[in-house]
Amino acid sequence: MTNRVAPAGAPAKTSRVIPPAGPQRVLALAQLSNSVGDGAYYVTSALYFTHVVGLAPARVGLGLTVAWAVGSLVGVPLGRLADRRGPRGTAVLLALATSVAVASFLVVRGFVPFVLAACVYASAQSGLAAARQALLAGLVSREERTGLLAHLQSTLNAGLAVGAGLGGLALHLGTREAYLGVFALDAVSFLLCAAVLLRLPVVKAVHARVADEKGRGNALGVLRDRPYALVTLLNTVLLLRMPLLSLGIPLWISERTEAPTWLVSALFVLNTGAVMLFQVRMARGVRGPASATRAVRRSGLVMLASCAVFALSAGVSPWVAVAVLTVGAVLQVVAEMQQSAGSWQLSFDLAPADRVGEYQGFFGTGVTVARTAGPLVLTSLLVGWGTPGWLLLGGLMLAASYAMGPAVRWATDSRPAAAPMVRRPVLVN
């Protein structure tokens, strides 16, 4: 079979499960290497910190909230560091720092050491996400970025699924050694991630001289970009869907419906499998701010429909509830994939070419805020208010998705007309 080379400047097709050979495939391999460890970590960490470390659940929640709050603040300057010192080297160092932080959990036995280790872990994770986005921007053309991010999201879900299976085995065994093995696996996975990232070409650091001359070069410079900050805020509202699958829907099923509790696991598998199979296809038509805005707007409409369907699952027989919840979950994952594709494109297109790491670090704080505020918002709306809460949540998502259009136009109109700077990789033999 002969390999066909796309014409110069043509966007790469995104229908394949495996991304094209070269930097794109290496980035996917790096994503896979640490996502397996993360999947195992996510399903075992709460019980590890309570049963092995010996912390009270309330202290674990407090410590992780503090850690991710610190991480959301540190992500911006670490992203800017990637712009200034080079994204590949910064990403490698932050992957190593994450590995060290996870390994430190193996020996932590008190609340204060736990909080310190968690702060290092959350900060390194936030900075690593921003540095990897800057690295991607330096290695992949603008037309290929959303397609590659779709591949990476599919890879992430595949790795998390494998890791969750390994974590489930540790939960089944229930021994201290099994938990320690999971954390050791996660630490090693970030070492592998760092090694894989070293296989990528070096990307020259971009010194934001123009921004410095205008007095916007400090760590909080992105906050002065009000249009981008508004886009980030609206995206944070849309990201309230993230704790919906892990918290909102399980509580709704157990508290408000007659559906069996095993449906929680089935809907999780449905969501993960759908993203693995269809995220790349869903992102194929997103090529610029206009198509990205349309994708986000469609996601708001589908999310409203999903919330309305979920609300119908209360007060019906168990098997009718199962059918209704399954339909709602299908609509929810479609909205998720549309919103993801649109937000990825916007986060890059609206960022200055010489400050991608800094801007990605700021955009990524939306994930942390949604995960921190989401549990309180969702439990109040869904468990507390029931059907009206679902409709209010759907209406909030729809309003945020439609407000994205004017916000993107504001951000686009505020950008200078000069051609953007382009990172060019320096190949290393």
Side-chain angles (χ1 to χ4, degrees), residues 12 19-38 71 74-102 120-121 123-149 151-153 155-156 159 187-209 211 217 219 222 344 347-348 351-364 420-429:
Q24 296 194 36
R25 191 169 297 176
V26 175
L27 285 167
L29 182 59
Q31 180 79 288
L32 179 64
S33 63
N34 72 262
S35 62
V36 172
D38 274 346
V74 174
V76 175
L78 287 178
R80 187 164 182 265
L81 178 66
D83 292 331
R84 292 304 191 92
R85 301 300 180 187
R88 192 191 74 162
T90 304
V92 170
L93 289 176
L94 290 171
L96 294 175
T98 307
S99 177
V100 171
V102 174
V120 174
Y121 172 79
S123 299
Q125 283 273 52
S126 298
L128 176 59
R132 288 166 84 161
Q133 298 291 69
L135 182 59
L136 182 151
L139 294 172
V140 179
S141 68
R142 183 181 296 272
E143 293 79 11
E144 296 176 310
R145 290 173 188 170
T146 297
L148 175 57
L149 284 166
H151 279 297
L152 295 181
Q153 186 71 5
T155 303
L156 172 67
V188 171
S189 75
F190 279 96
L191 290 178
L192 291 175
C193 175
V196 173
L197 290 173
L198 283 173
R199 296 174 53 190
L200 290 167
V202 173
V203 174
K204 283 186 177 180
V206 177
H207 299 280
R209 292 185 296 272
V222 65
W344 294 332
S347 70
F348 279 109
D354 57 348
R355 298 166 70 187
V356 173
E358 177 185 350
Y359 271 61
Q360 288 296 321
F362 179 69
F363 198 80
M421 296 175 61
V422 178
R423 281 190 177 91
R424 298 188 182 278
V426 179
L427 299 179
V428 177
N429 294 325

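What you see below is based on every heavy atom in this structure, not just the backbone, and it leaves out hydrogens, waters and symmetry mates.
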Undergrad: Within the 4.5 Å heavy-atom criterion, are Tyr359 and Val76 side-chain neighbours or not?
TA: no
Undergrad: Excluding sequence neighbours, so at least two apart, what forms side chain to side chain contact (heavy atoms under 4.5 Å, CB included) with Ala30?
TA: Arg132, Cys193, Val196, Leu197
Undergrad: Between CG of Leu29 and CG of Leu152, what distance do you get to the nearest 0.5 Å?
TA: 11.0 Å
Undergrad: When you measure from the side chain of Ser347 to the backbone of Trp344, do you find a donor-acceptor pair of N or O atoms at a distance under 3.5 Å?
TA: yes
Undergrad: Under a 4.5 Å cut-off applied to non-hydrogen side-chain atoms, are Arg355 and Phe362 in contact?
TA: no
Undergrad: Could you check whether any side-chain heavy atom of Ser126 comes within less than 4.5 Å of a side-chain heavy atom of Val74, counting everything from C-beta outward?
TA: no
Undergrad: Going by the rule side chain to side chain contact (heavy atoms under 4.5 Å, CB included), which residues pair with Ala187 if we only count those two or more places apart in sequence or in a different chain?
TA: Ser99, Val102, Ala103
Undergrad: Quick check against the 3.5 Å criterion: does Arg88 have a side-chain atom that pairs as donor or acceptor with the backbone of Leu198?
TA: yes
Undergrad: Could you list all the side-chain hydrogen bond (donor to acceptor under 3.5 Å, both in side chains) pairs where at least one residue sits in residues 188-199, not counting sequence neighbours?
TA: Asp186-Ser189
Undergrad: Do the side chain of Asp83 and the main chain of Glu358 share a donor and acceptor less than 3.5 angstrom apart?
TA: yes
Undergrad: Can you name the nearest heavy-atom pair linking Asp38 to Tyr121, along with the distance?
TA: OD1-OH, 3.8 Å
Undergrad: Test your reading of the model: is there a side-chain donor-acceptor pair from Ser123 to the backbone of Val120, 3.5 Å cut-off?
TA: no
Undergrad: Once rounded to the nearest 0.5 Å, what's the spacing between atom CG of Leu148 and atom CD of Gln31?
TA: 9.5 Å
Undergrad: Which residues satisfy the side chain to side chain contact (heavy atoms under 4.5 Å, CB included) test with Ala97, sequence neighbours excluded?
TA: Ala124
Undergrad: As an exercise, state the distance from CZ of Phe190 to CG of Asn34, rounded to the nearest 0.5 Å.
TA: 4.0 Å
Undergrad: So do Leu27 and Leu200 actually touch side chain to side chain, heavy atoms under 4.5 Å?
TA: yes
Undergrad: Compare all side-chain heavy atoms of Phe348 with those of Leu136 and state whether any distance is below 4.5 angstrom.
TA: yes
Undergrad: Let me confirm one number: the CZ-CG distance from Arg25 to Leu32, rounded to the nearest 0.5 Å.
TA: 13.0 Å
Undergrad: Which heavy-atom pair separates Ala95 from Ala194 by the least distance, and what is that distance?
TA: CB-CB, 3.9 Å
Undergrad: Side chain to side chain contact (heavy atoms under 4.5 Å, CB included) with Leu93: which residues, sequence neighbours excluded?
TA: none
Undergrad: For Thr90, check side-chain hydrogen bond (donor to acceptor under 3.5 Å, both in side chains) against everything at least two apart and list the hits.
TA: none
